[in-house]
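Both backbone and side-chain heavy atoms feed into the values below; hydrogens, waters and symmetry mates do not. All ligand and atom numbering here is 1-based and tracks the order in the structure.
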Amino acid sequence: MSSSTMCRKVEHIELALIDEMTYENNCSSIYSDIMLVHQAFPGVSFREVKLTTNFLRYSLEAPIVIEGMTGGHPATAEINEKLALLASKAGVALGIGSQRALIENRSEEVFKTYKIVRDAARDIPVIGNIGITILGKYSYSKIAEVISSIDVDALAVHLNPAQELIQPEGDASFTQDLLSKLADLRKEIAIPIIVKEVGTGLSMEVAEAFAKIGIEIFDVAGACGTSWIKIEGARARRARDLLRAALAEELSSWGIPTPISVIECRYAVPRSIVIASGGVWSSYKAAVNIALGADLVGIARPILKALFNGGIEKGLEYLRLFTEGLKALMFLTGSSNVLELKRKPVYIGSRILSYMRSRGIDIDAYLANKGG
Ligand SMILES: Cc1cc2nc3c(=O)[nH]c(=O)nc-3n(C[C@H](O)[C@H](O)[C@H](O)COP(=O)(O)O)c2cc1C
C-alpha cells in the first residue's frame with residue numbers, strides 16, 4: 001500500500017469521529033415532514049414482533065448492516081476484528097472498508113487487516129468494498145482474486161464523486177465506460193454486487209443505470225450523516241489546498257437526503273433490495289426509512305464512535321437500544337415483522353410531495369408498491 005493511502009485511512013477515522021464532520025442537523029427538517037401513523041390497537045402482541053430478516057442467504061437478528069469503514073493500515077486490524085465480533089454477537093451484516101489498499105499491496109500485513117473480519121465472524125454476511133474508479137486502473141481478474149481472498153458474501157462498489165472532488169489526492173473520473181467495466185466484473189465474480197454511495201445519496205437515474213447492468217442491491221448512503229465533503233475539506237485545509245477547502249464549504253449541504261434517496265430508489269428500481277443509510281442513527285429514523293420502502297438500514301459512524309468510547313460492550317448497547325426502539329415502533333404501527341412495517345401508511349408532507357411530483361414520481365404508484 002502506498003504510504004498516502006495508509007495515512008489517509010487513519011486520518012479518515014480520526015476526522016469521522018468529530019461531530020462537525022456530519023450534515024447540519026442531520027436532516028431534521030426532512031424527517032419532520034414525514035410521520036408514521038400510531039395505531040392505538042396494534043392487533044399484535046409486542047412479544048410477537050420479529051426483526052429477523054433474510055439477507056445474502058443469512059438470517060439476521062435485525063435488518064441492520066454495519067457499513068464498510070476500514071482496513072489496510074495495521075492499526076485498523078483491531079478495529080475490524082472488534083467490528084466483526086460486535087456484528088456477529090448482534091447477528092447483523094458487516095461491511096469492510098475499501099480493499100484498494102490490498103489491491104495496491106498484497107502483503108500479509110495488509111491482507112490480515114481485512115481477512116480478520118471473516119475469521120472473527122463466520123455466521124453473518126460480510127461485504128467487501130471497492131470504489132468504482134479502481135475498475136479503470138486494475139484488471140478484473142486482479143480485483144476478483146483480491147475479493148475472493150478475503151472470503152466475503154457480497155461486494156459493495158462505492159460511488160463517491162463528491163468525496164473524490166474534494167480529496168486532495170482524489171480521482172474524479174467517473175466516466176460512462178465504468179458501467180460496462182462493472183458489468184464485466186460482475187460476470188467474473190460469483191457474489192452479488194451492492195452499489196452504494198458514501199454519504200451523498202443515490203438518485204433514480206443512477207439506480208436505473210446500474211439496474212440495467214444487473215445490480216439488484218442499492219445502499220443509498222444519503223446526505224444526512226457522515227459528510228465526506230466536510231472530512232475531505234478538513235484534510236484539504238491541513239494540506240493547505242485552499243481551493244478544495246473553499247469548495248468543501250461551498251458544497252457542505254450538497255447531496256440527496258437519505259429518506260428522499262430511499263423514495264427515489266424504491267420507485268426507480270422497485271424489485272431491488274434497498275438499504276437506507278446516511279445518518280440513520282435512531283430507531284425512529286430506521287422505522288421511517290423502512291416505511292418509505294427500505295429493506296434494511298445501514299449505520300457507520302455511531303458504531304465506530306461506540307467502539308472507541310467503550311469497546312464491543314458499548315457497541316452492543318447501542319444496537320440493543322436501536323433494535324428495541326425499532327421493535328417498539330413496529331408494535332405501535334401494528335407491524336409484526338419488517339415487511340409489514342414496509343407496507344404501513346406513512347404521512348409525507350407537502351414539501352416532499354412537491355419534490356416527488358417535480359421528479360416525475362407517480363405518488364399513488366409509489367405508495368401502492370413501496371411494500372413490495
Ligand atoms: C470512518 C469511515 C470510513 C469509511 N470508509 C468507507 C469505505 O472505505 N468505503 C465505503 O464505501 N464507504 C466508507 N464509509 C462510508 C460508510 O460506509 C457509509 O456509507 C457512510 O458513512 C454513511 O453512514 P453514516 O452516516 O451512518 O456514517 C466510511 C465511513 C466512515 C465513518
Side-chain angles (χ1 to χ4, degrees), residues 1 5-6 8-19 21-27 64-73 75-76 79-80 82-83 87 92-103 113-114 117 127-134 152 154-164 167 170 193-202 217-232 234-235 255-259 261-262 275-282 285-286 289 294 296-308 315 318-319 322:
M1 174 171 39
T5 311
M6 195 177 241
R8 192 159 67 232
K9 264 292 160 200
V10 174
E11 216 183 339
H12 279 163
I13 291 173
E14 176 221 322
L15 287 166
L17 291 169
I18 300 171
D19 288 345
M21 299 295 147
T22 67
Y23 278 84
E24 210 168 303
N25 301 320
N26 304 125
C27 297
I64 295 175
V65 180
I66 297 178
E67 298 264 302
M69 284 183 273
T70 198
H73 189 284
T76 63
I79 302 173
N80 267 347
K82 283 187 178 160
L83 285 169
V92 300
L94 176 64
I96 318 179
S98 167
Q99 274 93 73
R100 178 181 172 156
L102 188 59
I103 294 169
T113 68
Y114 297 105
V117 172
I127 304 163
N129 188 299
I130 56 167
I132 195 160
T133 56
I134 205 128
V152 289
L155 173 65
V157 175
H158 67 255
L159 316 177
N160 61 340
Q163 179 182 16
E164 297 286 348
Q167 187 173 99
I193 289 181
I194 301 171
V195 163
K196 80 184 280 285
E197 238 283 355
V198 299
T200 332
L202 295 177
I217 312 176
F218 294 89
D219 182 341
V220 309
C224 292
T226 301
S227 165
W228 287 97
I229 292 173
K230 290 187 180 174
I231 293 175
E232 297 298 354
R235 292 187 62 246
I256 307 173
T258 304
S261 191
V262 167
I275 303 169
S277 72
V280 185
W281 298 344
S282 70
K285 288 180 176 176
N289 281 294
L296 300 107
V297 300
I299 316 168
R301 182 178 188 269
I303 300 286
L304 192 67
K305 220 172 151 183
L307 273 192
F308 271 78
Y318 176 87
L319 285 174
F322 197 98

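- In terms of protein heavy-atom proximity, atom 12 (N) of ligand 1 is closest to K196 NZ, 2.9 Å.
- On a distance-only criterion, S277 and ligand 1 share no N/O pair closer than 3.5 Å.
- Between L202 and E197, the shortest heavy-atom contact is CD2-CG, 3.9 Å.
- Between V280 and ligand 1, no N or O atom pair is found at a separation short of 3.5 Å.
- Under the 3.5 Å distance criterion, the side-chain polar atoms of S277 are matched with a main-chain donor or acceptor of A221.
- Against a heavy-atom cut-off of under 4.0 Å, N129 is close to the following atoms of ligand 1: 9 (N), 10 (C), 11 (O).
- Of the polar atoms of G225, none of the N or O atoms is found under 3.5 Å from an N or O of ligand 1, judged by distance alone.
- Close N/O approach between S98 and ligand 1 is found [any backbone or side-chain N/O within under 3.5 Å].
- For H158 (side chain) and V195 (main-chain N/O), no donor-acceptor pair under 3.5 Å exists by modelled atom type.
- Residue contacts with ligand 1: I13 is placed with no nitrogen or oxygen under 3.5 Å of a nitrogen or oxygen of the ligand (distance criterion only).
- Taking each heavy atom of K9 and T70 in turn, the nearest pair found is CD-OG1, 3.9 Å.
- Which parts of ligand 1 touch H158 is read off a 4.0 Å heavy-atom cut-off, strictly below it: atoms 9 (N), 10 (C), 11 (O).
- Pairing each heavy atom of W281 with each of N26, the nearest pair is CZ3-ND2, 3.8 Å.
- Between P302 and ligand 1, not a single N/O pair is under 3.5 Å apart.
- Atom 3 (C) of ligand 1 has as its closest protein heavy atom M69 O, 3.1 Å.
- Once rounded to the nearest 0.5 Å, the distance linking CD1 of I127 with CD1 of I275 reads 6.0 Å.
- Heavy-atom distances between G68 and ligand 1 reach below 4.0 Å in at least one pair.
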Could you walk me through whether R8 and E11 pass the salt bridge (charged side-chain N to carboxylate O under 4.0 Å, His left out) test, one step at a time? CA-CA 5 Å; R8 192 159 67 232; E11 216 183 339; over 6 Å; no
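- For the pair W228 (side chain) and N160 (backbone), a donor-acceptor distance under 3.5 Å is absent.
- In this comparison of G278, G298, G95, G97, the heavy atom closest to atom 22 (C) of ligand 1 sits on G278.
- The single protein non-hydrogen atom nearest to atom 18 (C) of ligand 1 is E67 OE1, 3.4 Å, given as residue, atom name and distance.
- For atom 20 (C) of ligand 1, the nearest protein heavy atom (residue, atom name, distance) is V198 O, 3.3 Å.
- The protein non-hydrogen atom at the shortest distance from atom 26 (O) of ligand 1 is W281 NE1, 2.7 Å.
- With a heavy-atom cut-off of 4.0 Å, T226 touches ligand 1 through backbone and side chain alike.
- In summary, the atoms of ligand 1 found under 4.0 Å from a heavy atom of K9, numbered by their order in the structure, are 5 (N), 7 (C), 8 (O).
- Between the side chain of Y114 and the backbone N or O of G97 there is no donor-acceptor pair closer than 3.5 Å.
- Close contacts between ligand 1 and G279 involve ligand atoms 24 (P), 25 (O), 26 (O) [criterion: under 4.0 Å to a heavy atom].
- Those atoms of ligand 1 with a heavy atom of A16 less than 4.0 angstrom away are 1 (C), 31 (C).
- Contact check for L83 versus V117: no side-chain heavy atoms found under the 4.5 Å cut-off.
- Residue-level proximity to ligand 1 for A300 is carried by backbone and side chain together, each with a heavy atom below 4.0 angstrom.
- When heavy-atom distances to ligand 1 are checked against a 4.0 Å cut-off, R100 has no atom that comes that close, whether in backbone or side chain.
- Ranking the protein heavy atoms by distance from atom 29 (C) of ligand 1 puts W228 CZ2, 3.4 Å first.
- Against a heavy-atom cut-off of under 4.0 Å, A221 is close to the following atoms of ligand 1: 19 (O).
- With hydrogens and angles disregarded, no donor-acceptor distance shorter than 3.5 Å links the side chain of R100 to the backbone of N129.
- Contact annotation for L304 and ligand 1: only side-chain heavy atoms (C-beta onward) come within less than 4.0 Å of the ligand.
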